[in-house]
Amino acid sequence: MMKRVFIASLIATLALAANGFAADAVAVAPTAVVPASIPVAVSSAPVIFQKPVALRGTVGDVQIQVNLRPKEEVDEGHEGEYFIFGNSNKILLAGEIEKDGVLFMEESVNGKDISGQWDGKLEGDVLAGTWMSADGSITKPFSLKIISPVQKSSQKQTLSKAVQKGVVSKQ
């Protein structure tokens, strides 16, 4: 109980210190006060792009895989990379995906200079549009199908699987 009161007091103190949010404070428990509205960065992208996602398809007649993820600061857009099957080089991507599924990304082969631009739209589970070289002299259609949200296995899940396989003993 003492721990709960301490945490509630800490939350109330933070609420009072948060630039004018004290007036918006709302009681959520008899001993705790928290701000009613804390500014939170929310992605304007469709739900599927609010976590890392992998897509496969073509640019022109070339088979590629694209991996996209929200930037650390969600309101700053998305980043990722793609590779051409049969080629291990990764080409960097950065840009925006709007709530209505409209995509604008720039790519960089060397990590410094823009080498191309992607303009497209998500329709169902397919992202399609036009890729254009940096100077605009080459354009190619692209079509990418969402293959899966990229999931990182936690250490706990990995350990659990190892225990199940008998690789590690449960202690």
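Being a predicted model, the structure only gives us computed values, none of them experimental.
Taking CE of M132 as the start and CG of D119 as the end, the distance is 6.0 Å to the nearest 0.5 Å. Distance CG/L127 to CD1/I97: 7.0 Å, rounded to 0.5 Å. Rounding to the nearest 0.5 angstrom, the gap separating the NE2 atom in H78 from the CG atom in L103 is 9.5 Å. Atoms CG and OG, on N110 and S115 in that order, are 7.0 Å from each other to the nearest 0.5 Å.
Linking ILVMFWY side-chain heavy atoms closer than 4.5 Å, directly or via other members, places L68 and V126 in two distinct hydrophobic clusters.
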Donor-acceptor pairs under 3.5 Å, side chain of residues 52-66 to any protein atom, not counting sequence neighbours: which ones?
from, atom 1, to, atom 2, distance (Å)
R56, NE, Q65, OE1, 2.6
R56, NH2, Q65, OE1, 3.0
Q65, NE2, N67, OD1, 3.3

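For E81, the salt bridge (charged side-chain N to carboxylate O under 4.0 Å, His left out) partners at least two apart in sequence or on another chain are R69. Judged as a side-chain hydrogen bond (donor to acceptor under 3.5 Å, both in side chains), and not counting sequence neighbours, T139 has no contacts. Taking the ring pair (Phe, Tyr, Trp, His ring centres under 6.0 Å) definition, one finds that F83 meets it with F85, sequence neighbours left out. The side-chain contact (heavy atoms from CB on, under 4.5 Å) test applied to S88 returns no partner, not counting sequence neighbours. The salt bridge (charged side-chain N to carboxylate O under 4.0 Å, His left out) test applied to K145 returns D125, not counting sequence neighbours.
Remark: aromatic rings of W118 and F142 are close, center separation under 6.0 Å. Under the 6.0 Å cut-off for aromatic ring centres, Y82 and W131 do not qualify, their centroids lying 6.0 Å or more apart.
Through direct or indirect side-chain contacts shorter than 4.5 Å among Ile, Leu, Val, Met, Phe, Trp and Tyr, I114 is connected to no other residue.
Evaluation of the salt bridge (Lys or Arg N to Asp or Glu O under 4.0 Å) test over residues 103-117, restricted to residues two or more places apart or in two chains, returns none.
S133 places a side-chain N or O within 3.5 Å of a backbone atom of I138 that can act as its donor or acceptor partner.
Smallest separation of non-hydrogen atoms from Q50 and P70: O-CG, 3.3 Å.
A 6.0 Å sphere centred on NZ of K90 holds no more than 12 heavy atoms belonging to other residues, nucleotides or ligands.
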